[in-house]
Structures are given as C-alpha cells and as structure tokens.
> 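Below is the structure I would like to discuss, written out as structure tokens.
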Amino acid sequence: QVQLVESGGGSVQAGGSLRLSCAASGYTYSNNCMGWFRQAPGKEREGVAQINFYGDNSFYADSVKGRFTISQDNNKNKNTVYLQMNNLKPEDTAMYYCAADYRGSCHVPAYEYKYSGQGTQVTVSS
C-alpha cells in the first residue's frame, strides 16, 4: 500500500523560502515517478514539478522554473521527495500535494498520478 505524507508547509513573506518534504512508503520501484501539484481556492490544480526515480530527469511548470527545485532521496523500502521553494510569491499560496505513480514517462502533471497525499498548506504574504 502506497502512503505519502507531506510536511514543511507554513506561512512566509514574499521572497522567502520553504522546503516541502514527502515521505513515501510501500513504493520503491525503479520506474517510479514522484511530483508535486498545488491547488489554490477557486482555482484548478496545477502540476508544479515531477522527477523520476533516479533523479536525473525533472520537469517544472513555467510558473516556478528557476525558483523551485525538486529532488529525491531513495533508500531501501522508503523514499522521500523534496520541493525547495525560493523567492516565493503571493501567487504561490496553495495547498501542495505530493503524488506518485508507476509510469513509463514522468512528464505529465503530477495531479494525474495515481497516488497523492493529504497536502500541506503554503501561504505567502506580500
């Protein structure tokens, strides 16, 4: 059973940084994809970033390129994906969700992945 647990959200001022973490259990296949998507009130879901198992292929939404970095740390029976968010803007305010899937290609929005967590809130004030 795949379980994803996010942490690291919070409130920051514009220009600040946060690092989100997602601990995945029951999910260590070599063809996995992990990623983050977000949803703000009244807005559609937006894929933020995706990464493959080996960490050598990652994808970003245009809105976060150059500011956000996705990475992952894989150990036996457990892996963790991170989202380093720098130079945060008020428009980054949203609930952030971690997602995972067994896919041949990771290059699809993370909200299309099969598994997702409960989310962690990020609030950026101006």
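This is a predicted model, so every value here is computed, not measured. Side chains are part of it too, since the values below use all heavy atoms of this structure and drop only hydrogens, waters and symmetry mates.
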> Could you state whether Val108 and Leu83 fall into the same hydrophobic cluster, counting links through intermediate Ile, Leu, Val, Met, Phe, Trp or Tyr residues with side-chain heavy atoms under 4.5 angstrom apart?
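Val108 and Leu83: separate clusters.
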> Tell me, do Leu88 and Phe68 make a side-chain contact under 4.5 Å, heavy atoms counted?
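Yes, side chains in contact.
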> Quick one: which residue pairs count as a salt bridge (Lys or Arg N to Asp or Glu O under 4.0 Å) with a foot in residues 107-117, not counting sequence neighbours?
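Applying salt bridge (Lys or Arg N to Asp or Glu O under 4.0 Å) to every pair that reaches into residues 107-117, excluding sequence neighbours, yields nothing.
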> At their closest point, which heavy atom of Ser126 faces which heavy atom of Ala14, and how far apart are they?
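In this case the closest contact between Ser126 and Ala14 is CA-CB, 4.3 Å.
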> Taking the side chain as every heavy atom from C-beta outward, state whether Val48 and Phe59 have any pair of such atoms under 4.5 Å apart.
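No, too far: nothing below the 4.5 Å cut-off.
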> Do you know the tightest heavy-atom contact between Ala40 and Ala94?
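Where Ala40 meets Ala94 most closely, the heavy atoms are N-CB, 3.8 Å.
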> Taking 4.0 angstrom as the limit, do Asp62 and Lys65 come out as a salt bridge?
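Result for this pair is yes, salt bridge flagged.
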> Counting C-beta onward and ignoring hydrogens, is there a side-chain heavy-atom pair between Leu18 and Val122 closer than 4.5 Å?
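Yes - at least one pair of side-chain heavy atoms lies under 4.5 Å apart.
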> Is the closest side-chain donor-acceptor distance between Thr80 and Asp73 under 3.5 Å?
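No pair is found: no donor N or O on one side chain lies under 3.5 Å from an acceptor on the other.
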> Measure across Ile51 and Cys106 and return the closest heavy-atom pair with its distance rounded to 0.1 Å.
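In terms of heavy atoms, the two residues are closest at O-SG, 3.9 Å.
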> Is the shortest heavy-atom distance from the side chain of Ser105 to the side chain of Arg103 under 4.5 Å?
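A side-chain contact under 4.5 Å is absent here.
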> Indicate yes or no: at least one non-hydrogen side-chain atom of Leu20 is less than 4.5 angstrom from one of Thr120.
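Yes, close enough: below the 4.5 Å cut-off.
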> Would you indicate whether the side-chain heavy atoms of Thr69 and Met85 approach each other to under 4.5 Å?
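A side-chain contact under 4.5 Å is absent here.
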> Quick one: list whatever passes salt bridge (charged side-chain N to carboxylate O under 4.0 Å, His left out) with Arg19, sequence neighbours left out.
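Testing Arg19 for salt bridge (charged side-chain N to carboxylate O under 4.0 Å, His left out), a comparison that skips the adjacent residues, returns none.
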> Calculate, to the nearest 0.5 Å, the distance between atoms CG and CZ belonging to Asn86 and Arg67 respectively.
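The CZ atom of Arg67 is 9.0 Å from CG of Asn86, to the nearest 0.5 Å.
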> Starting from Val81, can I reach Met95 by hopping between I/L/V/M/F/W/Y residues whose side chains sit under 4.5 Å apart?
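Result: no, two separate clusters.
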> According to a hydrophobic-cluster definition based on side-chain heavy atoms being under 4.5 Å apart (Ile, Leu, Val, Met, Phe, Trp, Tyr only), do Trp36 and Val124 belong together?
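Looking at the clustering, Val124 is in the same group as Trp36.
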> Could you give the distance from OG (Ser63) to CG (Asp92), rounded to the nearest 0.5 Å?
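If we round to the nearest 0.5 Å, Ser63:OG and Asp92:CG are 7.0 Å apart.
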> Report the C-alpha separation of Asn52 and Asn32 in whole Å, then their side-chain angles, then the decisive distance to 0.1 Å, and conclude whether the side-chain contact (heavy atoms from CB on, under 4.5 Å) test is met.
CA-CA 6 Å; Asn52 67 343; Asn32 76 349; 5.9 Å; no
> Once side-chain contact (heavy atoms from CB on, under 4.5 Å) is applied, do any residues pair with Ala110, and if so which ones, sequence neighbours excluded?
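Counting only residues at least two positions away or on another chain, Ala110 forms a side-chain contact (heavy atoms from CB on, under 4.5 Å) with Phe37, Gln50, Ala99, Tyr113.
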> side-chain contact (heavy atoms from CB on, under 4.5 Å) for Ile70 and Tyr60? Distances and angles first, verdict last.
CA-CA 9 Å; Ile70 188 171; Tyr60 297 92; 3.4 Å; yes
> For Leu4 versus Cys98, what's the shortest heavy-atom pair and its separation?
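It is CD1-O, 3.7 Å.
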> Out of Glu91, Glu44, Glu46, which one pairs with Arg38 under the salt bridge (Lys or Arg N to Asp or Glu O under 4.0 Å) rule?
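Among Glu91, Glu44, Glu46, the one that satisfies the salt bridge (Lys or Arg N to Asp or Glu O under 4.0 Å) with Arg38 is Glu46.
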> If you round to the nearest 0.5 Å, how far is SG of Cys22 from CD of Gln72?
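It is 10.0 Å, given to the nearest 0.5 Å.
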> Under a single-linkage definition using a 4.5 Å side-chain heavy-atom cutoff for Ile, Leu, Val, Met, Phe, Trp and Tyr, are Tyr115 and Met34 assigned to the same hydrophobic cluster?
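Yes, Tyr115 and Met34 fall within the same hydrophobic cluster.
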